[in-house]
Amino acid sequence: MHDLKQLRDNLDHIRTTLGRRGNDVQWSDIQQLSEQRRTITTQVEQLRFELNKGSEEVARLRRAKEPADTAMAAMKQVGDRIKDAEGTLRTVEEALSDVALRIPNLPHASVPVGADASENIEVRRWGTIPSFSYSPKPHWDIGEHLGILDFDRAAKIAGARFSVMTGAGARLERALINYMLDRHTTQHGYREVITPLMVNRSTMTGTGQLPKFEEDLFRLKDEDYFLIPTAEVPVTNLHREEILSGDRLPLRYTAYTPCFRREAGSYGKDTRGLIRLHQFNKVELVAFTTPDRSYEELERLTAHAESILQNLNLPYRVMALCSGDMGFSAAKTYDLEVWLPSQQQYREISSCSNFESFQARRASIKYRPAGGKKDAKADFVHTLNGSGLAVGRTVVAILENFQQPDGSVEIPPVLHPYMGGVERIEKE
RNA sequence: GGAGAGGUGGCCGAGUGGCCGAAGGCAGCGGUUUGCUAAACCGCCGUAGGGACAAAAUCUCUACCGAGGGUUCAAAUCCCUCCCUCUCCGCCA
């Protein structure tokens, strides 16, 4: 969310900078509602001042055993006027915050300007694309042939866009989760955390999923709980409504969670395989920093996610998302895209973003600067997160990139200890 | 699910209608004292929004005692609803 004062004073600038991303914002309402809020607030405060003074006068008269009826009657009227004005104020504030909570974040100056994914900029590329003497198979063929993926039974017990993994497939998924967590906790300094997988409305609002994207979320029928679409949600909200001490920053967390997404509006896309599911596993990285160090942190965090791909020897590229392709809450985003031989293209496997103070403002996460100054004012932290990595898509990349002509799949060496020594998945 | 007790500042804890943004203590910050440390003593010590000032310091107004309503001239205090925590009983991995 934007600072309301900033919003009022720089409305046109914000609107211009957002461009197409601000198309569905009710800009005209903001101006009007802000003005109303200002005048009514002043009015209410003046009335309250009058009421407070009047009530003190009543108290004084009564102590002096003097009649207070006139003053009481007058204050009764003031009280009624306050009640009226407060009613309007509440309506105005609710309307204003509803509009304001639907305004996306502003892109950082370094973000390329563009309309859609075609204008994203490739930052770097890593690894060697494997060559095959035959047409490389898609991962669902490989997985079903090996007997480790079972989409038919997944559809039977749940429906479309679910998966069942068995045997070495399930073991591979679990190996990846453990490997990623171990690496981030022991090599990169993240604290592991396990959180609830369903959260309340305030939490979803804090990170920006609500109010605008409710249709993307699974919601429980009889409770106001939502299934998390990413661990970013519960982990970032760990510190909602807190003031952190500056010398503890940056705080870095990593969490493995399943993620649940409705995937509304993606009918027909990636209907086969593990790419786009209603439920998938992800290891997430989350960081809280001071504003002056958040872009440095974004590079670090992205490198941490990259290191997983490098150690698995999976070829990938890093894309700087253009302004038109970035998510709602992000100020800057790098996508990591892994090479998928069967599709002959790079596909997203991680998304690393700096949200600057956008989420911190919504969730009220502040820090008090460290170092002496007693009057140092609390300020909003910057929050970041990135996938480190999407586990299912990593399985896809392994199956496809390391498939062998005989239908087996080589397991990257760093995973061998996590696979109980298994170096290759073969048909049972 | 049933019965009961609670939610007050960074923490502990007083406060049952007005002089309470809130005693006292701890922690923190600044200072005095001190060979050093400690102790003692003095002062400061919440968040947010508005106004005055060119700005800072400062002054001032408003709100906030879990959340939202209500009663009242006046609510931390009384009433209602909700959320959360704790204790006991039941059920349960």
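Everything quoted here is computed from the prediction, not taken from an experiment. Residue numbers begin at 1 in each chain, while the letters A, B, ... track the order of the sequences.
Shown here, B:rA55 forms no base pair; nothing in the strands shown gives a Watson-Crick or G-U wobble contact with both key distances under 3.5 Å. In a base pair of the Watson-Crick type (N1 to N3 plus N6-O4 or O6-N4) or a G-U wobble (N1-O2 and O6-N3), with each distance short of 3.5 Å, B:rA40 is matched with B:rU32. Remark: B:rU62 base-pairs with B:rA48; criterion is Watson-Crick or G-U wobble with both hydrogen-bond distances under 3.5 Å. Remark: B:rA93 base-pairs with no nucleotide; criterion is Watson-Crick or G-U wobble with both hydrogen-bond distances under 3.5 Å. In a base pair of the Watson-Crick type (N1 to N3 plus N6-O4 or O6-N4) or a G-U wobble (N1-O2 and O6-N3), with each distance short of 3.5 Å, B:rA27 is matched with no nucleotide. In this structure, B:rA5 forms a base pair with B:rU85, meeting either the Watson-Crick or the G-U wobble geometry with both donor-acceptor distances under 3.5 Å. Across all strands shown, the partner of B:rG18 is B:rC73, judged by Watson-Crick or G-U wobble contacts whose two distances both fall under 3.5 Å.
Taking the C1' atoms as reference points, B:rA48 lies 48 Å from B:rG35, given to the whole Å. Across the P atoms, B:rG18 and B:rA5 are found 25 Å apart, a figure rounded to whole Å. Here the separation of B:rG7 from B:rA67, taken at their P atoms, is 13 Å to the nearest Å. Comparing the P positions of B:rU62 and B:rG4 gives an interatomic distance of 41 Å, to the nearest angstrom. Atom C1' of B:rA40 sits at a distance of 9 Å from the matching atom of B:rU33, rounded to the whole Å. Taking atom P in both B:rA22 and B:rC80, the straight-line distance is 29 Å, to the nearest Å. A distance of about 16 Å separates the P atoms of B:rC20 and B:rA63, rounded to the whole Å. Comparing the P positions of B:rU58 and B:rG6 gives a spacing of 42 Å, expressed to the nearest Å.
Rounded to whole Å, atom P of B:rG10 lies 12 Å from atom NZ of A:K366. Note: CD1 (A:I243) to C1' (B:rG9) measures 11 Å, nearest angstrom. Per the geometry, CD belonging to A:E94 stands 11 Å off C1' belonging to B:rG68, to the nearest Å. Following rounding to the nearest Å, A:E241 (CD) and B:rA67 (C1') show an atom-to-atom distance of 11 Å. Look at CD on A:E93: it is 12 Å from P on B:rG49, rounded to the nearest Å. Taking atom CD of A:E86 as the reference point, atom P of B:rG68 lies 12 Å away to the nearest angstrom. Atom CG in A:D80 sits roughly 12 Å away from atom P in B:rG70 (whole-Å rounding). Between the CZ atom of A:R248 and the C1' atom of B:rG28 there is a distance of 16 Å, rounded to whole Å.
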Problem - Evaluation steps, salt bridge (charged side-chain N to carboxylate O under 4.0 Å, His left out), between A:K156 and A:D152 - result: CA-CA 6 Å; A:K156 173 172 68 183; A:D152 293 340; over 6 Å; no

Exercise for the section: For the pair A:H382 and A:S294, evaluate side chain to side chain donor-acceptor pair (under 3.5 Å) and give the outcome as yes or no after the intermediate values. Expected result: CA-CA 6 Å; A:H382 281 193; A:S294 68; 2.8 Å; yes

Practice task
In sequence, state the C-alpha distance, the side-chain angles, and the governing distance for A:R90 and A:E93, and then conclude on salt bridge (charged side-chain N to carboxylate O under 4.0 Å, His left out).
Solution key: CA-CA 5 Å; A:R90 200 179 316 135; A:E93 284 187 327; over 6 Å; no

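In terms of modelled atom types and a separation under 3.5 Å, the side chain of A:S351 and the main chain of A:D335 share no donor-acceptor contact. Put simply, the side chain of A:Q403 gets close to the backbone of A:E400: a donor and an acceptor are under 3.5 Å apart. The backbone N or O of A:P412 lies less than 3.5 Å from no partner atom in the side chain of A:N313, so there is not a single donor-acceptor pair.
Checking the phosphate oxygens (OP1, OP2) of B:rG50, a side-chain nitrogen or oxygen of A:K5 falls inside 4.0 Å. In this model, the phosphate group of B:rG69 is not approached by any side-chain N or O of A:K83 to a distance below 4.0 Å at OP1 or OP2. The shortest distance between the side-chain N/O atoms of A:R368 and the OP1/OP2 oxygens of B:rU47 is below 4.0 Å.
Within the nucleic acid shown, A:R90 comes within 4.0 Å of sugar-phosphate atoms alone, with no base atom in reach, counting heavy atoms only. In this structure, A:R60 reaches neither bases nor backbone, as no heavy-atom distance under 4.0 Å exists between it and the strands shown.
Applying the 3.5 Å distance criterion, the base of B:rG18 shares a donor-acceptor pair with the side chain of A:R62.
The two residues A:I40 and A:A85 have their closest heavy-atom pair at CG2-O, 3.6 Å.
Counting only heavy atoms from C-beta on, A:Y225 has its side chain closest to B:rC84 among B:rA74, B:rU72, B:rC84.
Heavy-atom nearest nucleotides on RNA chain B were determined for A:E56 and for A:T41, and the one closer to the 5' end corresponds to A:E56. Residue order along RNA chain B, read from the 5' end via each residue's closest nucleotide, puts A:R8 first among A:R8 and A:M75.
Looking at A:L106 and A:L18, their side chains come closer than 4.5 Å, going by heavy atoms from C-beta outward.
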Exercise for the section: Determine, for nucleotides 60-65 of chain B in 5'-to-3' order, which nucleotides have protein heavy atoms under 4.0 Å from the base (write B), from only the sugar-phosphate (write S), or from neither (write -). Expected result: -SBS--

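Separating the OG1 atom in A:T383 from the CZ atom in A:R362 is a distance of 11.0 Å, to the nearest 0.5 Å.
Between the side chains of A:E348 and A:Y316, no donor-acceptor pair of N or O atoms lies under 3.5 Å.
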